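Just below is one structure, and these are the notes that go with it.
No experiment lies behind these values; they were computed from the predicted model shown. All heavy atoms count here, side chains included; hydrogens, waters and symmetry mates do not.
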Amino acid sequence: MTLHISRTRRAVAVSAGLATAAALALLPGTASAASTGAGPATARAASSTGPELSYIVNVRPGQGNSARVRRAVEQAGGSVLQAYDRIGVLVVHSANADFAKTIRTVKGVDSAGATRTAPLPAQSTTDVGTPRNITAEELRTLSAKAAPGEDPLEPLQWDLKAIKADKAHEKTLGSSRVTVGVIDTGVDDTHPDIAPNFDRAKSVSCITGKPDTTDGAWRPFTTGGSPHGTHVAGEIAGAKNGVGITGVAPGVKVAAIKVSTQGGSFFYTEAVVCGFMWAAEHHIDVTNNSYYTDPWYFNCKNDPDQKALVEAITRASKYAESKGTVNVAAAGNENYDFASDAITDPASPNDSTPGSRVVDPHECLDIPTQLPGVVTVASTGAKGLKSSFSNYGLGVIDIAAPGGDSTAYQPPQAPATSGLILGPVPGGSWAYMAGTSMATPHVVGVAALLKSQHPYASAWEIKALLALGADRTPCTTPYDIDGDGKVDAVCQGGTFYNGFYGAGITNALNAVR
């Protein structure tokens, strides 16, 4: 989220997200009802009590209706909060410490695991880093510098010019028939830059894993609420209305899909699954995913709990894509090389007692960043170089976009003064932030412009057009972003595809030509 390494983000010749955008087979949901027996495991009554946790139970495709598994869940000491039968995923609460072990032995269950290591409700922490707000005096001064046709703060948005969004806006602002879903910390729909384009009917809170459509449930929490989702929404679809900033696609609609706990602290699996399913069922054209799924930065498939979490979100994201949704995710802010054989994960699980572990990123996945079909975005600064913090890796990064960087490393051209990204924050103000979280909305905005131009295009086609329209950017070699004489990251690949920039830096003008 910020220039500092933040837990909220936001993942060979061509990577899985854009270039293998071929018809991803929809994971079968649960088949028609079969036998009613729950299997021998349910004979063991829940006896080992502990704190109530949330679990994901994935029903094996083709193994009968989930109703049978629901009975097994109850007999194992669990209660079903929400069933996503189309993808065979159940969200379950249980205080039985042996619940996951028990339910995994039930016939028809593919995998199951706890989504957290802390009891319900989750413990909250504050966001890492603080956005720098624009003062009232700055706003007055800057407004006087705006050229005719520009919003008051647009001269400070070097990022729009970097992807030629200013030129694209001369042709189109995007279609109001296109809706982007911001799967994030919530969106302040009362902000003057967001209100004109906000889609209330497609907004929701998913924080429990079950959709909550109560009016305003999609907004950030009033106490300890995070500005992250509001900033992201404004970068995508901030209205061109003579107020504040301008979004990449200022004519499209934006919906809030809130998936984080209070303070924007935790994005748990059940909430993320709910978010993707909501997007699928409500005709969301593009989703923005600037986060990683807690409590594990990397989810290892050889761990039964973590394996279940990867499976559930994979099913949900694939289902959304099968419905036409393009899912775009941030690469993360730790300067990790996803193409390496080993990465030290120092902070998992982050909701209880974290420990340090060495993982293989080919086997232990950052989700949704590394999921199949997801467009993974790296960040660049005002000089067009990989941001100092941005994760990278050949075969993982699909595309790059401006996410900001230290002004000392990559200063912008005047009249812009900060190397960070300016956007709206709750309460009617604007602030600078940086991270791959800020890069992802630029790609999402370009995808929304593409969908506006090609309303009947499939998700695969929109992803292909994103790659084709990107500005080819060769590796930065050597990469010494802070100028201390030491190489800070090593880029692999060529001009047409590499581990720093993927297919290149996204280009809004190409999207509308």
Side-chain angles (χ1 to χ4, degrees), residues 16-18 20-31 58-59 61 66 82-91 174-184 199-206 209-211 213 218 236-237 249 252-259 269-289 293 310-329 367-368 371-376 398 440 443-466:
L18 287 179
T20 54
L24 291 169
L26 170 61
L27 264 171
T30 50
N58 298 311
V59 178
S66 63
Q82 182 73 9
Y84 294 104
D85 287 334
R86 290 186 178 275
I87 60 170
V89 174
L90 302 177
V91 179
S175 170
S176 61
R177 295 185 178 183
V178 171
T179 300
V180 172
V182 176
I183 302 180
D184 212 296
D199 192 331
R200 298 169 69 92
K202 294 185 179 181
S203 294
V204 68
S205 172
C206 272
K210 182 177 183 177
T213 57
W218 54 77
I236 297 167
V252 307
K253 294 294 184 182
V254 64
I257 304 175
K258 186 167 74 173
V259 296
T269 297
E270 63 269 32
V272 174
V273 168
C274 173
F276 280 124
M277 294 301 291
W278 178 269
E281 300 294 351
H282 290 80
H283 310 293
I284 300 291
D285 296 291
V286 192
T287 65
N288 189 105
N289 301 270
T293 307
V310 174
E311 176 64 21
I313 297 180
T314 298
R315 292 186 186 188
S317 63
K318 282 186 173 182
Y319 180 69
E321 183 166 352
S322 77
K323 292 291 188 178
T325 304
V326 177
N327 299 311
V328 185
I367 53 177
L371 292 184
V374 171
V375 179
T376 303
D398 292 302
T440 306
V443 175
V444 168
V446 173
L449 291 175
L450 283 166
K451 188 67 175 179
S452 299
Q453 295 292 99
H454 309 280
Y456 302 108
S458 67
W460 181 90
E461 290 168 325
I462 295 298
K463 291 194 292 183
L465 289 170
L466 272 174

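Taking 4.5 Å as the limit, some side-chain heavy atom of Ile236 sits within range of a side-chain heavy atom of Val182. Using a 4.5 Å heavy-atom threshold, the side chains of Lys463 and Val326 count as touching. Within the 4.5 Å cutoff, the side chain of Ile284 has heavy atoms near those of the Lys202 side chain. Residues Val273 and Ile87 are in side-chain contact: their nearest non-hydrogen atoms beyond the backbone lie under 4.5 Å apart. The side-chain heavy atoms of Pro372 and Thr314, taken from C-beta on, include a pair separated by under 4.5 Å. Within the 4.5 Å cutoff, no side-chain heavy atoms of Val374 are placed close to those of Asn289.
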Notebook entry, point to check: So Arg200 and Trp218, side-chain contact (heavy atoms from CB on, under 4.5 Å) or not? Walk me through it.
Noted result: CA-CA 9 Å; Arg200 298 169 69 92; Trp218 54 77; 4.0 Å; yes

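With hydrogens and angles ignored, the 3.5 Å screen pairs no side-chain donor or acceptor of Lys253 with any backbone N or O of Arg177. A side-chain donor-acceptor contact under 3.5 Å links Ser203 to the backbone of Ala256.
The structure places CG of Asn288 at 5.5 Å from OG1 of Thr440, a figure rounded to the nearest 0.5 Å. Of the inter-residue distances, the one linking Met277 atom CE with Ser317 atom OG reads 11.0 Å to the nearest 0.5 angstrom. Note: Ser458 OG to Glu321 CD = 8.5 Å, rounded to the nearest 0.5 Å. Within the model, atoms OG1 of Thr325 and CH2 of Trp278 stand 13.0 Å from one another, a figure rounded to the nearest 0.5 Å. The distance from atom CG of Asn58 to atom CD1 of Ile313, rounded to the nearest 0.5 Å, is 10.0 Å. Taken from OH in Tyr319 to CD in Glu281, the straight-line distance is 3.5 Å, to the nearest 0.5 Å.
Nearest heavy atoms, Asp199 versus Ala255: O-CB, 3.9 Å. For Pro368 against Phe276, the heavy-atom pair with the smallest separation is CB-CZ, 4.4 Å. Nearest heavy atoms, Pro211 versus Cys206: CA-SG, 4.5 Å. Heavy-atom minimum distance, Leu90 versus Ala83: CD2-CB, 3.5 Å. The minimum heavy-atom distance between Thr269 and Ala312, with the atom names listed, is CG2-CB, 4.3 Å. The minimum heavy-atom distance linking Ala457 with Ile462 is given by the pair CB-CD1, 3.7 Å.
No more than 12 heavy-atom neighbours from other residues, nucleotides or ligands sit within 6.0 angstrom of NE2 on His283.
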